[in-house]
Amino acid sequence: MSEYDGHQYVGIDLHRRRSVIVRQTADGTQLSAVRIANDPVALGLQIEQADSRPDVVMEATYSWYWAADVLQAAGAEVHLAHPLGVKGFACRLVKNDIKDTSDLADLLHMGRLPESWIAQSPSPTCSGPTAAASWGRPRCPVPTPSAWPLC
């Protein structure tokens with residue numbers, strides 16, 4: 001837990017091998033900016049420094065689902081930014097990972113974040129066609145159509 005006790009907004013710029021994490025207060029004051037290797041343990045340790053239920057935003061890019069799973073398990077409220085909705089970042093004069101991440105967190109706490117939908121985890125039984133409907137997030141073996149119940 002950090003020295004700041006209020007609600008925190010966390011922005012994550014997820015890359016293939018490393019990520020940038022920026023924590024902010026509700027008024028946009030930056031508490032920390034760190035660069036970590038993409039590792040579930042490292043991500044979990046960084047999120048533990050935020051409050052008990054921080055709002056976390058990351059862009060819906062390649063392989064975001066592992067980070068969303070880690071963040072949700074740590075108690076974070078995960079928001080997924082739609083890549084086309086934040087396409088305007090390319091028109092800025094200053095563009096770097098920390099600025100991108102800070103802007104995502106700002107959009108989230110202002111209520112102006114264009115969000116993508118995050119599919120819910122399939123049920124523990126993993127049966128039926130809905131188990132495979134998580135858009136590339138298979139968490140259990142997908143049953144064959146012959147195993148689906150006839151409704």
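Below, all heavy atoms of this structure are taken into account, side chains as well, without hydrogens, waters or symmetry copies. Predicted model only: the values in this text are computed from it and were never measured.
For S116, the side-chain hydrogen bond (donor to acceptor under 3.5 Å, both in side chains) test picks out no residue, with sequence neighbours left out. For S102, the side-chain hydrogen bond (donor to acceptor under 3.5 Å, both in side chains) test picks out no residue, with sequence neighbours left out. With sequence neighbours left out, E115 forms a salt bridge (Lys or Arg N to Asp or Glu O under 4.0 Å) with no residue at all. For T61, the side-chain hydrogen bond (donor to acceptor under 3.5 Å, both in side chains) test picks out no residue, with sequence neighbours left out. For A26, the side-chain contact (heavy atoms from CB on, under 4.5 Å) criterion is met by Y9, not counting sequence neighbours. Contacts of H7 classified as side-chain hydrogen bond (donor to acceptor under 3.5 Å, both in side chains), with partners at least two apart in sequence or in another chain: D51, D55. Among residues two or more places apart in sequence or in another chain, the side-chain contact (heavy atoms from CB on, under 4.5 Å) test is passed with I36 by S19, I21, V34, A42, L43, Q46. In this structure R112 satisfies the side-chain contact (heavy atoms from CB on, under 4.5 Å) test together with L107, M110, sequence neighbours excluded.
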(message) Evaluate L14 against W66 for side chain to side chain contact (heavy atoms under 4.5 Å, CB included), listing each step before the verdict.
(response) CA-CA 11 Å; L14 191 66; W66 72 268; 3.9 Å; yes
(request) Test side chain to side chain contact (heavy atoms under 4.5 Å, CB included) on L104 and H79 and set out the steps. (result) CA-CA 10 Å; L104 284 174; H79 302 269; over 6 Å; no
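With values rounded to the nearest 0.5 angstrom, D106 atom CG is found 10.0 Å from D27 atom CG. Taking CD of E59 as the reference point, atom CG of L84 lies at 9.0 Å (rounded to 0.5 Å). We find the CD-OH distance between Q24 and Y4 to be 10.5 Å, quoted to the nearest 0.5 Å. Rounding to the nearest 0.5 Å gives a distance of 12.0 Å between CE of M58 and CG of L108.
Taking all atoms of both residues into account, the shortest heavy-atom contact from T101 to G11 is CG2-O, 2.7 Å. For the pair A105 and V57, the tightest heavy-atom approach, listed with the atom from each and the gap, is N-CG1, 3.8 Å.
For residues 30-47, every residue pair satisfying the salt bridge (charged side-chain N to carboxylate O under 4.0 Å, His left out) rule, not counting sequence neighbours, is listed here: R35-D97. Identified under the ring pair (Phe, Tyr, Trp, His ring centres under 6.0 Å) test for residues 11-53, with sequence neighbours left out: none.
Linking ILVMFWY residues whenever their side-chain heavy atoms come closer than 4.5 Å, directly or via other members, leaves L71 and V20 in distinct clusters. The hydrophobic clustering, which links ILVMFWY residues whose side-chain heavy atoms are closer than 4.5 Å, places I98 and L113 apart.
Checking T25, V56, L31 one by one against Q8, the side chain to side chain contact (heavy atoms under 4.5 Å, CB included) holds for a single residue, L31.
Looking only at side-chain heavy atoms (C-beta outward), V70 and I47 stay at 4.5 Å or farther from each other.
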